[in-house]
Enquirer: 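What follows is a structure written as structure tokens; I'll ask about it next.
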Amino acid sequence: MINRALLKSELEELFANPVSWFQAIGFHAAMFIALSFLVLIGAGKKQDFWNSYVLFSGTAFWLMMTIVSASYIFTKPKISRTMDALLVSPMPVAEFMNTGILACALFNTVNLVMHFLIAMRYMHLPMAMQTGLALAGCFSLGMALLFVLARLALNMDSGEQLNGYIALCIMALIIFLALCNTLRVDMRISAPQLAALSVILLAVFIASFKFASRKIEKEEIVREDKGTARMSKASAYCRRNLSAFAENPAVKLWQALFPRNALRTNDSAKYGRNNFLFFMRQASFATLKIPFIYVVAALPVWPAIWLTDLHAEEMSAASLALDFAGMMPGLLTLLLLISIYQCATQIFTEDKRNNIVSEFLCSPATGHQLVLGKALGIAIAVFAVTIAIVFAELAVLKPVFFAMFINAAGFLMLARLSVLTIIFSLFFTLCVLAVKDRRFANIALLGVPFLQWAIAKAANLAHSPDMLRRYSVEYGIMICIWLALYVLYLSKRRILEAESALHI
Amino acid sequence: MIKALEVANLTKKYTPQAGVENLSFSIASGEVLAYIGHNGAGKTTTIRTLLGLLKSDSGEIKYFGKRYDTYAGDFDALRGQLGVCLDNPGFYPNLSALKNLALFGELYGVCGAEFSSRAEELLKKMALHHVRNDRVQTFSKGMRQKLALVRAMLHKPKLIFLDEPMTGLDPAARVLMRETVRELAKEQGVSFFLASHDLNEVEQLADNIIILEKGRIKQKGTLAELQNARSVFSYTLVPDKPVSPEVLEKLRSVLACAVSETDASRINLSATTPVKLARVVAEFAKENIEILEFHSAMNLEQIYFESLRRE
């Protein structure tokens, strides 16, 4: 059933790997910010709040952890062809799959338990029989989804497809809860309901285990042309149907602004502008293909909004909204930081692995165009996705909260966040492209919030009541720090050196 | 004598155009069979089908005299006798070389003291002993390739599949690899199925060669058999002095073959039947020309291209 040697290696690959932990810590941080808001408004005192939280947010958190664990256990070994070597060994394929699922489940469970233990200790989560039932329900639902996702992962050509499915599952949870909210279904879950739900979810878990244990074919796992065939069909369809669309004046304008073949242009005067725009366009498109940002942007806000409805009777709508408005800048900053880190490291790791960075640097493009163009492209895409998702959720689920930001202060907050996004993006692009070790970016992910906090404190020392002035001081300091780094590190040679020294 | 592998009429098709069709060949004990063909000819598909990663559409596969459905569960028992080094070999990148080997050692039933001594011996042989505790993430392509070979040989298999084993190897590692394959084949009777684009290596290593084109076997046999089976016989001569066009024309009609001058010092002859050296020397002597060098054997590269050109 389970191969112990493989399980040991897979657990080591997951637990002794700093990158998987950095990704997990990002998800933990996003969840805790949302949770701290719920505790702040007093929801944390109620047992039925925790029941709902453990069941729904717990499941969503489990799914987020699956992004990390399934990528190390299923998708990466598949892409690197480690899986082929495992499949030609005497180990049966079912044993291989069960072992992988167990490794993912262990990683997810450790993180889930860690999240709840910290919540119990610092957020005073009341542990009761009902919490245990909710946890059993969450675990059953999580395992059921893991079986299905693992089966899908083995059939997929890339990790992005799996992340897309996980994003879809989380969106389905959001839509389900939004629907309950709209229909005014009381989702406070009492003990007998929880017990019944846990039994149902256990049945779902067993059914999905049966589905996943259905004889899996090795050919399903190793054949590489499935996705390519689908893609070529899809692209042929698009080409057929979009040829008329390409004649549209707006499309022509877009193409003029963001030329496809910038690097190949013969007009040397256009190199600067075209290459910069080329890199920007390329990075923004690559960023939009990373479902991670959609998940991170969507997840921490909705339970906060939805669960406040259950506990709003003790607090006035105005005070709730004020608390929420106070939490928003911090939450959005963190979401942007995590998303930019993930997108920058993922895009540049891929580019470096495929020697694309070297190819760019052998072209007439300069290091400045590469770094600035890519950073701005990532910043624009991450900012657009994060802000659009968060505010769309607010507008649909809680129009009162949404209205809080339709004013000068709201716009000032967005302007501040947009500048911050660009600075973060430039910083991480520089970290991954021009610094020898990716570990520097990992350390920066933890260091940046503290740095930002320290700078904000320094700016506050001016004791100016004028927000704009305070922000100016804050950004002045951050831009100076960043410029110093930029001058220190940026050159074509430096990027190439860093690339050759980078061990991916 | 029982063959290590016998394949009869094996077919595996992805689409009517892609895949392999009607393959029949065998590998004797201690034999190195080279499998060559252009990109997309079906080399990797053949290996994957033989290893049970792909389900064959039809045909028969026998390992060590016993017929197997390689896609069925009972084939797993035989896998311990097969070694595999696939194209672009994969490892767990965050684990050390030794830990990766330990995992595969356990999967193939090599553990404990046996694993330690075997891994030590092979890592030393492949010049990887000093990096055995480094993470595979830090390895170059050639080092990974060598580690994949160690992995393939760890459990002392009787038949080893090598898919592009020379990719990324430096000259010293190529020599080492060649020596290892020769030693295992000749001294221990290990059979090899070697799919490669490196015709020079194939020429030096292979006992038998299969040329594959569009999923079908175009030619097979030993290097000598392939040389004799050619439709055009080409020779290169080095004369002691430049030959005038008039003399070339005369030789063309006398020898009944195509004669052309490649540069000032070399002359090419090509005919549809073998041309005897003595006759060539005699005809050139009549024109007061001495032949300093005469090359007749085609190398594998020439055979390969001629085979692909032939309908």
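Numbers restart at 1 for each chain; the letters A, B, ... are given by sequence-line order, proteins then strands.
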Enquirer: Other residues, nucleotides and ligands only: do more than 12 of their heavy atoms fall within 6.0 Å of CD1 on I2(A)?
Expert: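 Enclosed.
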Enquirer: Decide if atom NZ of K8(A) counts as having more than 12 heavy atoms of other residues, nucleotides or ligands within a radius under 6.0 Å.
Expert: no
Enquirer: Nearest heavy-atom pair of A85(A) and R151(B): which atoms, and what distance?
Expert: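 Heavy-atom minimum between the residues: CB-NH2, 3.5 Å.
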Enquirer: Using a 4.5 angstrom heavy-atom cutoff, name the option from D87(B), L53(B), L51(B) with the most pairs to chain A.
Expert: L53(B)
Enquirer: In Å and rounded to the nearest 0.5 Å, what is the CD1 to CG distance from I47(B) to D84(A)?
Expert: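 The CG atom of D84(A) is 11.5 Å from CD1 of I47(B), to the nearest 0.5 Å.
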Enquirer: Let me confirm one number: the CZ-CG distance from R4(A) to L103(B), rounded to the nearest 0.5 Å.
Expert: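 So the CZ of R4(A) and the CG of L103(B) are separated by 13.5 Å.
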Enquirer: side-chain contact (heavy atoms from CB on, under 4.5 Å) between V88(A) and R48(B): does it pass, once the steps are laid out?
Expert: CA-CA 9 Å; V88(A) 296; R48(B) 288 180 164 217; over 6 Å; no
Enquirer: Would you compute the distance between atom NE2 of H155(B) and atom OG of S89(A) and round it to the nearest 0.5 angstrom?
Expert: 9.5 Å
Enquirer: Do you know which two heavy atoms are closest between S9(A) and L95(B), and how far apart they sit?
Expert: CB-CD1, 3.7 Å
Enquirer: At what distance, to the nearest 0.5 angstrom, does CZ of R81(A) lie from CG of N88(B)?
Expert: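 Those atoms lie 5.5 Å apart.
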Enquirer: Assess whether atom NZ of K214(B) is packed by more than 12 heavy atoms of other residues, nucleotides or ligands within 6.0 Å.
Expert: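 Atom NZ in K214(B) is not crowded, with 12 or fewer foreign heavy atoms closer than 6.0 Å.
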Enquirer: Provide the closest heavy-atom pair for P90(A) versus G80(B) in the form atom of the first, atom of the second, distance.
Expert: CG-N, 3.9 Å
Enquirer: Would you sort out whether Y92(B) and N17(A) count as a side-chain contact (heavy atoms from CB on, under 4.5 Å), showing the intermediate values?
Expert: CA-CA 11 Å; Y92(B) 283 106; N17(A) 178 359; over 6 Å; no
Enquirer: Check whether N100(B) gets within reach of chain A through its side chain, its backbone, both or neither, counting any heavy atom under 4.5 Å.
Expert: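 It is neither, since no heavy atom gets under 4.5 Å.
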Enquirer: Might you work through the side-chain contact (heavy atoms from CB on, under 4.5 Å) test for S80(A) and F91(B), ending with a clear yes or no?
Expert: CA-CA 7 Å; S80(A) 70; F91(B) 296 92; over 6 Å; no
Enquirer: Under 4.5 Å heavy-atom distance to chain A, tell me which part of F104(B) shows up: side chain, backbone, both or neither.
Expert: side chain
Enquirer: Measure distances from L107(B) to the heavy atoms of chain A and classify the residue's part below 4.5 Å as side chain, backbone, both or neither.
Expert: both
Enquirer: Tell me, do E13(A) and P93(B) make a side-chain contact under 4.5 Å, heavy atoms counted?
Expert: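 Contact flag for E13(A)/P93(B) side chains = yes.
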Enquirer: Measure P92(A) against the heavy atoms of chain B and call it side chain, backbone, both or neither at under 4.5 Å.
Expert: both
